[in-house]
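Hydrogens, waters and symmetry mates are skipped; everything else that's a heavy atom, side chains included, is used.
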Amino acid sequence: MLTGADGSPAQPPPPIPMPQGSSSGATAFLPVVNVRAPGVRIGAWPALVGLGFVAAVILQWVLGVQRDLPVGRILLVSLLAGLVGLVGAKVYYLQTHRAEKKRTLTAGMSVQGFVMAAVSVLVLAGWVAGIAVGAMLDVTAPGLLLGMTIGRLGCFFGGCCVGLPTASRWGIWSSDRGSAYAGSRCSCSSPPWRAPSPL
């Protein structure tokens, strides 16, 4: 215990003031920021599109068994159609996005191109394989729609498919992998812009 000259307890010295500063925002490692933009979940697109394809083939198989169709041949035709559909999705995207300066391998894909190419292959390969094309399309359509539904969630979580900015209460926040305000945004968070709203 410290004591003063007169024997009374001494007061501790006043604290030394520490430097102060303030900041706002977050810091991050730039290579990660360039890949992981706001709202983007890395790997969501391939995972959910792949899951959608698997779910579609399983549903197609279940419906094919119920209708006594040759599910083995239908599975082979569907796998071929899926592979050709991926090429069709890439070609369709490149044809509809000519103004974008992207490399062929890193450019996106389009579900419209997938559906056109895959259904064409289903019809032609099914006919060649001796499968009743109408019955095969009947068991394929529900699976295709289920697969597209699951895959579309991958597009949303991957940040690749966004709409226009909106101030609507029904808008949701997403990303175009470039800026936080480029996609739709929920109106509950005071956006810095006011877009015309249909609602």
Side-chain angles (χ1 to χ4, degrees), residues 35-98 100 102-164 166 170-177 182-184:
V35 174
R36 185 181 164 94
V40 175
R41 303 293 178 259
I42 303 298
W45 184 84
L48 287 169
V49 168
L51 179 65
F53 184 78
V54 169
V57 170
I58 290 172
L59 180 58
Q60 181 189 44
W61 179 78
V62 168
L63 294 174
V65 167
Q66 288 177 352
R67 290 183 169 222
D68 251 358
L69 295 175
V71 291
R73 286 186 282 165
I74 290 177
L75 176 64
L76 291 176
V77 168
S78 296
L79 293 176
L80 176 64
L83 291 174
V84 173
L86 286 175
V87 173
K90 177 68 75 173
V91 169
Y92 187 91
Y93 182 87
L94 291 172
Q95 291 300 313
T96 57
H97 293 82
R98 291 182 185 195
E100 294 179 14
K102 291 188 176 184
R103 293 183 296 214
T104 303
L105 293 177
T106 59
M109 293 186 175
S110 176
V111 70
Q112 293 90 344
F114 178 87
V115 170
M116 287 189 292
V119 170
S120 299
V121 169
L122 274 172
V123 170
L124 291 174
W127 178 72
V128 168
I131 304 168
V133 175
M136 182 178 63
L137 291 176
D138 284 344
V139 300
T140 301
L144 179 64
L145 294 174
L146 175 65
M148 287 172 45
T149 302
I150 296 170
R152 205 60 176 154
L153 293 173
C155 293
F156 174 73
F157 289 120
C160 58
C161 302
V162 297
L164 297 174
T166 182
W170 304 110
I172 53 176
W173 189 88
S174 185
S175 172
D176 70 347
R177 295 187 183 186
S184 302

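The two residues Gly88 and Ala117 make their nearest non-hydrogen contact at CA-CB, 3.9 Å. In terms of heavy-atom proximity, Pro142 sits nearest to Leu63 at CG-CD1, 3.8 Å.
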Please set out all donor-acceptor pairs under 3.5 angstrom arising from side-chain atoms of residues 75-86, sequence neighbours excluded.
residue, atom, partner, partner atom, Å
Ser78, OG, Gln60, OE1, 2.7
Ser78, OG, Gln60, NE2, 2.9
Ser78, OG, Ile74, O, 2.9

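We find the CZ-CD1 distance between Phe53 and Ile58 to be 11.0 Å, quoted to the nearest 0.5 Å. In this structure, CE in Met136 is found 9.5 Å from CG in Leu69, a value given to the nearest 0.5 Å.
Partners of Ala55 by side-chain contact (heavy atoms from CB on, under 4.5 Å), not counting sequence neighbours, listed by chain and number: Leu146, Ile150. Not counting sequence neighbours, Pro46 has no partner by the side-chain contact (heavy atoms from CB on, under 4.5 Å) test. Every residue meeting the side-chain contact (heavy atoms from CB on, under 4.5 Å) condition with Ala44, not counting sequence neighbours, appears here in chain and number order: Arg41, Phe157. In terms of the side chain to side chain donor-acceptor pair (under 3.5 Å) criterion, Gln66 has no residue partners (sequence neighbours excluded). With sequence neighbours left out, Arg73 forms a salt bridge (Lys or Arg N to Asp or Glu O under 4.0 Å) with no residue at all. In terms of the side-chain contact (heavy atoms from CB on, under 4.5 Å) criterion, residue partners of Val91 (sequence neighbours excluded) are, by chain and number, Val87, Gln95.
Contacts classified as salt bridge (charged side-chain N to carboxylate O under 4.0 Å, His left out) and involving residues 147-159 (residues at least two apart or in different chains) are not found. Listed by first and then second residue, the salt bridge (charged side-chain N to carboxylate O under 4.0 Å, His left out) pairs that reach into residues 119-137 come to none, sequence neighbours excluded. Contacts classified as salt bridge (charged side-chain N to carboxylate O under 4.0 Å, His left out) and involving residues 54-68 (residues at least two apart or in different chains) are given here: Arg67-Asp138. Applying the side chain to side chain donor-acceptor pair (under 3.5 Å) test to residues at least two apart or on different chains, the pairs with a partner in residues 110-128 are Ser110-Gln112.
A 4.5 Å side-chain heavy-atom check between Val115 and Met148 finds at least one atom pair inside the cut-off. In this structure the side chain of Leu51 reaches within 4.5 angstrom of the side chain of Leu48, judged on heavy atoms.
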